[in-house]
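Contents: one structure, followed by commentary.
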Amino acid sequence: MEPWEIKTDDTRKVNSKKLFIIFCEDGAVEPAYFELFKKEDIQISAFGNTKQHHAQVDYATEYFRKNDLIEVDEHGLEILKIDEGAQVWCVFDRDKEPNDQKDTAFNDSIVTANSKGIKTAWSNDDFELWILLHFEDVNPASQEYANRVKYYERLTEILKNKLPEEASFQNPKFDYYTSMKSKAKFLRYTYQLMKGNVGNAIERAKLLEKYHSTPPKPTHLHCPCTKVHHLVIELLS
C-alpha cells in the first residue's frame, strides 16, 4: 500500500505503524531531515517543493482530493479522511517581507490548515532557525534574529568553527546559504553536527514560543519563532 492510501477501511487489519505525510516548502534540506526520523514503527513520506504557506495548504488539500481523501463535514468544511494514527503536516516559512497582505496569507494559512485537520510546523522567519536552535540560544526579543540573514550568518560561523578540517569552510567566500543548502551537504555536514542536540533545540523553541504567546498577538508577529519542534516531538514519540 502506498503511504498516501490511508482511507478508513474496516476490512483492513489495523496497522500499528504511525504514518506521517509531510509537505515541505523546501525541496532539499527539509524532506531529507524529516525522512531521517523513519523507524520500524514510523512511516514517513516527505514531499518537497510544495509551495509556500497558503499555497502549500491548497496543494496538500488538492493532493488528498485527487485521492478521494477529502470529506465535507456538517458545516460544509473540507476535512481530511484519514485513519487514526495518521498525521498530515505542512512545513513552511513566513518569508518575512514588509507586506501586510503576505502576513495575512501566512496567518490565514495556519487557520485553514487546522480547519482541514492538517497540522502546521511553520517557522518565522525561516526553517534555518530550527537548525540554529540545535547550537545556541536565540533572543526572542532581538530584531537581529527576525530575519533569515542572521541565521545564515550564525550557521556560517558555526560550521567554520566546528569543521576546521574541511578546507572549503575556511574559504573567505564560504557562507551557509550558497554552500550548504543541498541535501548531500546537509546530511554530510550540518546534520552530523545537529545530532544529539535535538533536546536542546526543542527546549529553545519552547522558550521562543512561550515568549511570543504572552500577550496574544497575530501569528506573523511571532518572530523569531518556530513550531517545527511540535512535529519533531510527534516523530520522536
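Here the structure is a predicted model, which is why all the values come from computation and not from measurement.
Glu209 contributes no side-chain N or O that, together with a main-chain N or O of Thr226, makes up a donor-acceptor pair within less than 3.5 Å. Remark: the backbone N or O of Phe106 is paired with a side-chain donor or acceptor of Ser109 at under 3.5 angstrom. Side-chain atoms of His220 do not come within 3.5 Å of backbone N or O of Arg94 as any donor-acceptor pair. A donor-acceptor pair under 3.5 Å is absent between the side-chain atoms of Glu30 and the main chain of Gly48, judged by distance alone. Although no hydrogens or angles enter the test, the distance criterion places no donor-acceptor pair under 3.5 Å between the side chain of Asn107 and the main chain of Pro218. Counting only distance, with no hydrogens or angles, the side chain of Asp125 and the backbone of Arg148 share a donor-acceptor pair below 3.5 Å. A side-chain donor-acceptor contact under 3.5 Å links Asn147 to the backbone of Val149. Side-chain atoms of Ser142 come within 3.5 Å of backbone atoms of Glu144 as a donor-acceptor pair (strictly under, hydrogens ignored). Ser123 places no side-chain N or O within donor-acceptor distance of the main-chain N or O of Asp93, the cut-off being under 3.5 Å. Although no hydrogens or angles enter the test, the distance criterion places a donor-acceptor pair under 3.5 Å between the side chain of Asn124 and the main chain of His222.
Within 6.0 Å of NZ on Lys173 lie no more than 12 heavy atoms contributed by other residues, nucleotides or ligands. Remark: Lys162 NZ is loosely packed, at most 12 non-hydrogen atoms of other residues, nucleotides or ligands lying under 6.0 Å away. Other residues, nucleotides and ligands contribute over 12 non-hydrogen atoms within 6.0 Å of the NZ atom of Lys181. With a 6.0 Å radius and a threshold of 12 heavy atoms from other residues, nucleotides or ligands, Lys51 has its NZ atom at or below the threshold.
Aromatic pair Phe127/Phe92: centroids not less than 6.0 angstrom apart. Outside the 6.0 Å centre-distance limit, the rings of Phe34 and Trp89 are not counted as a close aromatic pair.
Under the 4.5 Å side-chain contact rule for hydrophobic residues, Phe174 and Tyr177 share a cluster. At a threshold of 4.5 Å between side-chain heavy atoms, the hydrophobic network of Ile, Leu, Val, Met, Phe, Trp and Tyr places Leu193 and Trp130 in one connected group. A continuous path of Ile, Leu, Val, Met, Phe, Trp and Tyr side chains, each step under 4.5 Å between heavy atoms, connects Phe37 with Ile233, placing both in one hydrophobic cluster. Ile110 and Leu221 are assigned to two separate hydrophobic clusters, defined by single-linkage of ILVMFWY side chains at heavy-atom distances under 4.5 Å.
The aromatic rings of Tyr191 and Phe186 lie tilted to each other, with the angle between the two planes from 30° to 60°. Tyr63 and Tyr59 have parallel rings, their planes meeting at less than 30° on a 0 to 90° scale where 60° marks the start of perpendicular.
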Candidate pair Tyr152 and Glu128, rule side-chain contact (heavy atoms from CB on, under 4.5 Å), full reasoning: CA-CA 7 Å; Tyr152 297 147; Glu128 267 69 27; 3.6 Å; yes
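Contact of the Lys119 side chain with the Phe20 side chain is not registered, since no non-hydrogen atoms from C-beta on lie closer than 4.5 Å.
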